[in-house]
Amino acid sequence: MELPFIEPYKIKMVESVYTSTRDQREKWISEAHFNMFNLKSEQVTIDLLTDSGTGAMSDRQWSALMLGDESYAGASSYYNLKNAIAEITGFKYFLPTHQGRAAENVLFSTIVKEGDIVPGNSHFDTTKGHIEFRKAIPVDCTVDIASDLTALDPFKGNVDLEKLENVLKENPREKIACIIVTITNNTAGGQPVSMSNLKGTRMLADKYGVMFFLDSARFAENAWFIKTREEGYANKTIREIALEMFSYADGMTMSAKKDAIVNMGGFIGFRDDETFRKASSYNIIYEGFITYGGMSGRDMNALAQGLYEGTDYDYLSSRIGQIDYLGSKMKEYGIPVLEPFGGHAIFIDSKRFFPQIPDEEFPAQALAVEIYIEGGVRGTEIGALMADRDPVTRENRFSGKELVRLAVPRRVYTDNHMDYVAATVKNVYDRKESIKRGLKIVSEAPILRHFTVELERL
Ligand code: F0G
């Protein structure tokens, strides 16, 4: 008998899971104004709100914390991180920041000005927020097939190079702040970007003389997909693939809370020292001196170690395998899910789940609420609430895509927990016709509204 593939780690410390009754959850979600971000963690049984900062650190990362050097300038922890970044990404210069959006803030303060255009694949909401906040325009050039939620294309995160070239052709070069490609493409469902697409993006960046940055929150998962799906990469290591991916970019932003498996942290990587120098001033103003940015020495140490662990092939296989396990189970139950399954999350298509609820009533949020009430499983809406209003017309941006994301933290839950999640969603699916209406907004912020929005049941 062939031995099964196992997680390449065992558990040394455990944390209790909270249970509750359906009546309690009905009360709590109503008190939370039907916003998942307002729930207390004790009110949640399985927390799939995000895979960001929620991973379990290893014994080696915890030991690295103890060796943290808290010197204000030139700490050994800074050099540990600098070496790890150089080894894994190839970027010689870097600036530590407290998380991914802080890296965006520093980078965009340096290179984005009012009226600029920032094309790429789907920009994550904080990336979009930072661009729009500067009165610049993010242009989504993702391939059309990404909007077909069931098309089995291996690289649905890709940039449509023709769309990108049109944007570059139609605008003066000085208006293009940079191209940003997000790996994996979170907004499109945790879908990977192929190596040949990154190469093509580089060629266009060179042709039009613009900079190209990678939003690398899930770069290791992207590399795993390249290894397992793209011709010519099966025999390369994850680190070789990562180095090649980064070799096509001028720099990167990184929310280290994902693939580097730390609870807080981020950085910006640069190839040339000119942009690095300019960005350093903003880093000092917004984050901290350039050898610690927004991080303590111990956190930089844990992050350096996490970069190595997060690029281990066996770890990635078990991680992405668990997402596949959850997705396959839900599919077996007939639940409409986005395919192929993403690297960090399963996305449920609420339009097919609740065809009776119109976009104006936020069907994905309504589904997230029902899943919470059913089993205390917390997911998040990726739909019109998250998309914010159009900054000019102030209209809701209904794209027809209304998803519930169940993002799985790294090294935290077992497959048994995944069975519980799938059963929870199945129970809602069995009573889907009984839910006739969605939700309406009672109050909202002008930007990044989904974090604080208050809703009411219709
Ligand atoms: N880029 C991507 C692709 C992201 O997914 C995130 C965060 C960020 C940038 C911002 O990083 O949170 O460290 O400031 N994504 C989280 C999520 C919040 O749930 O997908 P951050």
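First listed ligand is number 1; within each ligand, the first listed atom is number 1. For clarity, every value in this text was computed on a predicted model and none was experimentally measured.
Looking at K257 next to ligand 1, no N or O pair under 3.5 Å apart turns up. Between F124 and ligand 1, a contact under 3.5 Å exists for no N or O pair. Inclusion of K258 in the set of residues having an N or O under 3.5 Å from an N or O of ligand 1 is warranted. Considering backbone and side-chain atoms alike, D51 places every N or O at 3.5 Å or more from each N or O of ligand 1. Of the polar atoms of T182, none of the N or O atoms is found under 3.5 Å from an N or O of ligand 1, judged by distance alone.
In this structure, the ring of Y78 has its center less than 6.0 angstrom from the ring center of F94. Remark: aromatic rings of F219 and F246 are close, center separation under 6.0 Å. Between Y248 and F212, the distance separating the two ring centers is not shorter than 6.0 angstrom.
Ligand-side atoms of ligand 1 in range of D215: 1 (N), 2 (C), 3 (C), 9 (C), range being under 4.0 angstrom from any heavy atom. Numbered from 1 in the order shown, with element, the atoms of ligand 1 that lie under 4.0 Å from a heavy atom of N186 read 5 (O), 20 (O). Close approach to R101 involves these atoms of ligand 1, each under 4.0 Å from a residue heavy atom: 10 (C), 11 (O), 12 (O), 14 (O), 21 (P).
Ranking the protein heavy atoms by distance from atom 13 (O) of ligand 1 puts S255 OG, 2.6 Å first. Residue, atom and distance of the protein heavy atom nearest to atom 9 (C) of ligand 1 are E104 OE2, 3.3 Å. For atom 10 (C) of ligand 1, the nearest non-hydrogen atom of the protein is T126 OG1, 3.4 Å.
With hydrogens and angles disregarded, a donor-acceptor distance shorter than 3.5 Å links the side chain of R449 to the backbone of L385. Without hydrogens or angle criteria, N35 side chain to L455 main chain gives no donor-acceptor distance under 3.5 Å. For the pair N396 (side chain) and F398 (backbone), a donor-acceptor distance under 3.5 Å is absent.
Under the side-chain contact (heavy atoms from CB on, under 4.5 Å) rule, H344 has a single partner from V408, T50, D51, which is D51.
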Inset, instruction - Let me see the working for T127 and E104 under side chain to side chain donor-acceptor pair (under 3.5 Å), right down to the final yes or no. - result: CA-CA 7 Å; T127 319; E104 292 162 3; 2.9 Å; yes
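Under 4.0 Å from ligand 1, not a single heavy atom of H123 appears.
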